[in-house]
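Presented below is the structure to which this report refers.
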Number of protein chains: 2
Amino acid sequence: MNNELEFPIQMLHSRKLKATPTRTKLLKEIHAYGSAMPYSLICRKFKNADRVTLYRTIEKLVEKGLIHRAFSNNKETYYALCNTKCTATTHYHNHIHFKCTQCKLVTCEHLNEEVEISLPDFVVDKISINVVGICKSCK
Amino acid sequence: MNNELEFPIQMLHSRKLKATPTRTKLLKEIHAYGSAMPYSLICRKFKNADRVTLYRTIEKLVEKGLIHRAFSNNKETYYALCNTKCTATTHYHNHIHFKCTQCKLVTCEHLNEEVEISLPDFVVDKISINVVGICKSCK
DNA sequence: AACTAAATGCAACGATGTTGCAATAAAAAA
DNA sequence: TTTTTTATTGCAACATCGTTGCATTTAGTT
Ligand SMILES: [Mn+2]
Ligand SMILES: [Mn+2]
Ligand SMILES: [Zn+2]
Ligand SMILES: [Zn+2]
C-alpha cells in the first residue's frame with residue numbers, strides 16, 4: 001500500500017497532472033470519507049478554496065480517470081475514487097451505485113456477474129446502474 | 001385511443017389536477033416529441049410561461065405519476081410520459097433509458113426479461129438503468 | 001353567477017455551471 | 001539552486017436552475 005501522504009501525489013503524477021494542494025486534498029478527502037462523497041460535503045471541506053478551482057479540479061480528475069460521478073439525482077452529485085483499471089482515456093466501471101435510504105450513503109458495489117441487458121438491434125456502449133434500497137450495514 | 005385534444009385533460013383530471021394551459025401543453029408537447037424531452041427544449045416551447053410555473057408544473061406531474069425523469073446527466077434532464085401503470089402514489093417503471101450518441105434521443109426501452117441484480121444482504125427497492133449507445137434507427 | 005381551492009406570476013435568494021484573463025505556483029531545464 | 005516554462009489558480013462576470021413566499025388570477029364546483 002502507498003504511504004497515506006504520498007498516494008495522491010503519485011496518482012496525479014501518473015496522469016501527468018501537477019500535484020497541487022486542492023487536487024491532493026480532494027483525493028485524500030474522498031478516500032478518507034470511505035464512500036461516494038456528496039458535492040455539498042466536498043464544498044464544506046473546501047470553504048477556503050475558490051469555487052471555480054474546485055469545479056475545475058473535479059472536472060480534471062474525472063477526465064483523467066481518477067474519480068467518477070458515482071450517483072447523480074437532481075439534488076446532488078456524488079464522487080468516488082476510481083479503481084486502478086480506469087485510465088486517462090477510458091473509465092472502466094462494471095459496478096453499480098447503491099444509495100441507502102437509511103444511512104444515505106452512496107457506495108460502489110461490485111457484482112460477481114456482469115449484468116446482461118438484452119436490447120436487440122441496439123449497440124450498447126455504457127451501462128450505468130443505480131440502485132436505491134437498504135445497505136448491508138443498515139439491514 | 002383518446003382524442004388528441006382531450007387526452008391531456010383526462011389524464012390531469014384522473015389525478016385530480018386542474019387542467020391548466022401549461023399542464024395540458026406540457027403533456028401534449030412531450031407526447032408530440034415522441035421520445036424523452038430535454039428540459040432545454042421544454043423551456044423553448046414555453047418561452048412565454050413563467051419559469052417558476054414550469055418548474056412547479058413539472059414537479060406536480062412527476063409527483064402524480066404522469067411524467068418521469070427519463071435520464072439525467074449533469075448537463076440535462078429528460079422527461080417522458082409515464083405508462084398507464086403509474087399511479088398518483090407510485091411510479092412503476094421496469095424499463096431502461098437509452099441515450100443514442102448519434103441522434104441524441106433518449107428513449108424508454110422496455111425489456112422482455114426483468115433485470116436481475118444480485119446484491120446479497122442488500123434490500124433492493126428501486127433500480128434505475130441508463131444505457132448509452134446507438135439506437136435501432138441509427139444503426 | 002358566485003364561491004373556493006388551487007395555480008400562476010413576480011420578486012428574490014441560493015446553488016451550481018462556465019468562460020476569460022491576469023497572477024501565481026509546480027515541474028522541468030539549465 | 002536558480003531560472004524557465006507551462007499549467008493552475010483566483011477573481012470577475014454571466015447563465016441556468018432550484019426554491020420559497022405572497023398577492024393575484026383562474027379552473028372546477030355549487
Ligand atoms: Mn462507482
Ligand atoms: Mn422512461
Ligand atoms: Zn445504509
Ligand atoms: Zn439514434
Side-chain angles (χ1 to χ4, degrees), chain A residues 5-29 36-79 88, chain B residues 5-29 36-79 88:
Chain A
L5 290 165
E6 286 301 322
F7 90 93
I9 298 176
Q10 293 177 3
M11 286 174 70
L12 290 164
H13 284 175
S14 75
R15 303 301 156 91
K16 307 237 192 293
L17 293 174
K18 289 184 181 177
T20 63
T22 309
R23 289 175 178 168
T24 53
K25 181 176 180 190
L26 182 59
L27 291 173
K28 280 182 204 170
E29 292 287 358
M37 202 167 173
Y39 178 71
S40 62
L41 179 56
I42 293 176
C43 282
R44 256 173 284 147
K45 297 282 185 182
F46 285 85
K47 280 199 199 77
N48 41 335
D50 189 87
R51 201 171 62 82
V52 178
T53 300
L54 188 53
Y55 164 72
R56 286 195 270 231
T57 298
I58 291 174
E59 271 212 323
K60 186 62 83 178
L61 298 198
V62 168
E63 176 196 327
K64 294 296 184 178
L66 291 179
I67 66 177
H68 64 281
R69 293 192 173 81
F71 195 89
S72 182
N73 54 28
N74 49 330
K75 305 286 178 188
E76 185 123 58
T77 303
Y78 294 74
Y79 294 91
Chain B
L5 291 165
E6 287 301 323
F7 91 92
I9 297 176
Q10 293 176 3
M11 286 173 70
L12 290 164
H13 285 174
S14 76
R15 305 300 158 92
K16 307 236 192 295
L17 292 174
K18 289 186 180 176
T20 64
T22 309
R23 288 176 179 169
T24 53
K25 182 176 181 191
L26 182 58
L27 291 173
K28 281 184 203 168
E29 292 287 358
M37 201 166 174
Y39 178 71
S40 61
L41 178 56
I42 294 176
C43 282
R44 258 173 280 147
K45 299 281 185 182
F46 285 85
K47 280 199 198 77
N48 41 337
D50 188 86
R51 199 171 65 83
V52 177
T53 301
L54 189 53
Y55 163 71
R56 285 196 269 229
T57 298
I58 291 174
E59 270 212 325
K60 187 61 82 176
L61 298 197
V62 168
E63 175 195 328
K64 295 296 184 178
L66 292 178
I67 65 177
H68 65 280
R69 294 191 173 81
F71 196 89
S72 181
N73 53 29
N74 48 328
K75 304 286 179 188
E76 185 124 57
T77 302
Y78 293 75
Y79 294 92

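On a predicted model such as this, the values are computed, not experimentally measured, just so you know. To find a chain, count down the sequence lines: A is the first, B the second, and so on, and within it residues start at 1. What you see below is based on every heavy atom in this structure, not just the backbone, and it leaves out hydrogens, waters and symmetry mates.
Residue A/Lys25 qualifies as enclosed at atom NZ: its count of foreign heavy atoms under 6.0 Å is above 12.
Of all nucleotides listed (D/dC17, C/dT19, D/dG18), D/dC17 comes nearest to the side chain of B/Cys43. Counting only heavy atoms from C-beta on, B/His13 has its side chain closest to D/dG28 among C/dT16, D/dG28, D/dA27.
When rounded to the nearest whole Å, the span between CG of B/Asp50 and C1' of D/dT19 equals 13 Å. Atom NZ in B/Lys18 sits roughly 15 Å away from atom P in D/dT25 (whole-Å rounding). If you measure from atom OH of A/Tyr55 to atom P of D/dA12, you get 19 Å, rounded to the nearest angstrom. Taking atom CD of B/Glu59 as the reference point, atom C1' of D/dT20 lies 11 Å away to the nearest angstrom. As a whole-Å value, the separation of A/Leu41 CG from C/dT16 P is 12 Å. Rounded to a whole Å, the CD atom of B/Glu76 is 11 Å from the P atom of D/dG18. Rounded to whole Å, the distance from NZ on A/Lys47 to P on D/dG10 is 17 Å. Between B/Leu54 atom CG and D/dC17 atom P the separation is 10 Å, expressed in whole Å.
Counting only distance, with no hydrogens or angles, the side chain of A/Arg15 and the backbone of A/Gly65 share a donor-acceptor pair below 3.5 Å. Checked by atom type and distance alone, the side chain of B/Glu29 never pairs as donor or acceptor with a backbone atom of B/Ile42 at under 3.5 Å. Remark: side-chain polar atoms of B/Thr57 are paired, donor with acceptor, to backbone N or O of B/Thr53 under 3.5 angstrom.
For A/Lys75 and D/dT19, the shortest distance from a side-chain N or O to OP1 or OP2 is below 4.0 Å. Here B/Lys16 does not reach the OP1 or OP2 of C/dA5: none of its side-chain N or O atoms lies under 4.0 Å away.
At a threshold of 4.0 angstrom between heavy atoms, the contacts of B/Thr22 are confined to the sugar-phosphate backbone, with no base atom among them. Using a 4.0 Å heavy-atom distance criterion, B/Ala49 is classed as making no nucleic acid contact.
For A/Lys60 against D/dT8, a side-chain-to-base donor-acceptor contact under 3.5 Å is absent. Contact of A/Arg56 with C/dG17 (side chain to base): no donor-acceptor pair of N or O atoms is detected under 3.5 Å. Judged by distance alone with a 3.5 Å cut-off, no donor-acceptor contact links the side chain of B/Arg51 to the base of C/dG9.
Between the NZ atom of B/Lys28 and the CD1 atom of B/Ile9 there is a distance of 6.5 Å, given to the nearest 0.5 Å.
Remark on DNA chain D: of its neighbouring residues B/Thr77 and A/Arg23, the 5'-side contact belongs to A/Arg23, judged by nearest-heavy-atom nucleotide. Of the two residues contacting DNA chain C, namely B/Thr20 and B/Val52, the nearest-nucleotide position lying further toward the 5' end is that of B/Thr20.
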